[in-house]
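We number each residue from 1, following the sequence as shown. Quick caveat, the model's predicted, so the values are computed rather than measured.
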Amino acid sequence: MVSLLNANLTALWISLGVVGGIVILVGLWILVTYNSLVKLKNNAEEGYSTMDVYLKKRYDLIPNLVNTVKGYAKHEKETLDAVILARNSAMDASNVKDKVKQENALTSTLKNLFALSENYPELKANANFMSLQEQLQSVEQDIANARKYYNSVVNMLNIKIEMFPSNLIAKWFKFSKRDMFEVSN
């Protein structure tokens, strides 16, 4: 009778140990998955902030560029006004979708501004214009690099949010997909 009781108690302890081990493993998996989602979310926010810093540098260069062009191309007011309007709209965009849309519009108007400079050889030879153009090209490269980083992190986050079984943790803790920052050519 005692040996049967000892055997039952041993079996109970083994069962509790197995169940406890499974609970611990599931708990660790939840913890690791949650932490990886948090890390990706924070990296995406950091990437967007970095890109936003470069976009602000770009916004700060545009008025100087427009003023330089204005001195040589006074009758091109419509193009210059379009650049300033596009800049202001891009600065005021509140979310990624709006920002992408406004950035594409700004890029288009900047292309028109630089195309305009082709009609004014003295403008193309102006040292201030050339310096601003070089600064803008440098900032554009920084924006492109920051955008690549942001999009890469957002892609990893979105994949983790969609893939099973991490999607269960993502839904449970209300992680949501993010929009990529894609600009047109």
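- Atom CD1 of I159 sits about 4.0 Å away from atom CG of N155, to the nearest 0.5 Å.
- Between M180 and V96, the shortest heavy-atom contact is O-CG1, 3.7 Å.
- By the salt bridge (charged side-chain N to carboxylate O under 4.0 Å, His left out) test, D81 pairs with K77, sequence neighbours left out.
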message = Before you tell me yes or no, could you show the steps for F114 and F129 under side-chain contact (heavy atoms from CB on, under 4.5 Å), namely the whole-Å CA-CA distance, both residues' side-chain angles and the distance that decides it to 0.1 Å?
response = CA-CA 10 Å; F114 287 115; F129 179 76; 3.8 Å; yes
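- A distance of 11.0 Å separates CG in L157 from OG in S152, rounded to the nearest 0.5 Å.
- With respect to Y149, the side-chain contact (heavy atoms from CB on, under 4.5 Å) criterion is satisfied by exactly one of N151, N145, V153: V153.
- A donor-acceptor pair is defined here as one N or O able to donate and one able to accept, closer than 3.5 Å; such a pair exists between the side chain of T68 and the backbone of N64.
- Taking CE from M91 and CD1 from I62, the interatomic distance works out to 9.5 Å, rounded to the nearest 0.5 Å.
- Qualifying ring-ring contact (aromatic ring centres under 6.0 Å, His included) partners for Y48, counting only residues two or more places apart in sequence or in other chains: Y150.
- The minimum heavy-atom distance linking A146 with T50 is given by the pair CB-CG2, 4.3 Å.
- Listed for the N112 side chain is no donor-acceptor partner under 3.5 Å among the backbone atoms of T79.
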Side-chain donor-acceptor pairs of residues 11-35 under 3.5 Å, sequence neighbours excluded:
from	atom 1	to	atom 2	distance (Å)
S15	OG	A11	O	2.9
W29	NE1	T33	OG1	3.2
T33	OG1	W29	O	2.8
N35	ND2	L31	O	3.4

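- The pair R147-E140 does not count as a salt bridge, with every side-chain nitrogen at least 4.0 angstrom from each carboxylate oxygen.
- A donor-acceptor contact shorter than 3.5 Å is absent between the side chain of K57 and the backbone of V139.
- A donor-acceptor pair under 3.5 Å is absent between the side-chain atoms of N104 and the main chain of V183, judged by distance alone.
- Criterion: ILVMFWY side-chain heavy atoms under 4.5 Å apart, direct or through other members. Under it, V38 and F173 are part of a common hydrophobic cluster.
- Side-chain atoms of S131 do not come within 3.5 Å of backbone N or O of A127 as any donor-acceptor pair.
- With hydrogens and angles disregarded, a donor-acceptor distance shorter than 3.5 Å links the side chain of R87 to the backbone of Y59.
- Note on D52 versus K56: salt bridge recorded, some NZ/NE/NH1/NH2 to OD/OE distance being below 4.0 Å.
- Not a single donor-acceptor pair under 3.5 Å links the side chain of S89 to the backbone N or O of Q102.
- In plain terms, the two heavy atoms of D179 and V154 that are nearest each other are O-CG1, 4.0 Å.
- Under the 4.5 Å side-chain contact rule for hydrophobic residues, V66 and L85 do not share a cluster.
- The main-chain N or O of P63 is found under 3.5 Å from a side-chain atom of N67 such that the two form a donor-acceptor pair.
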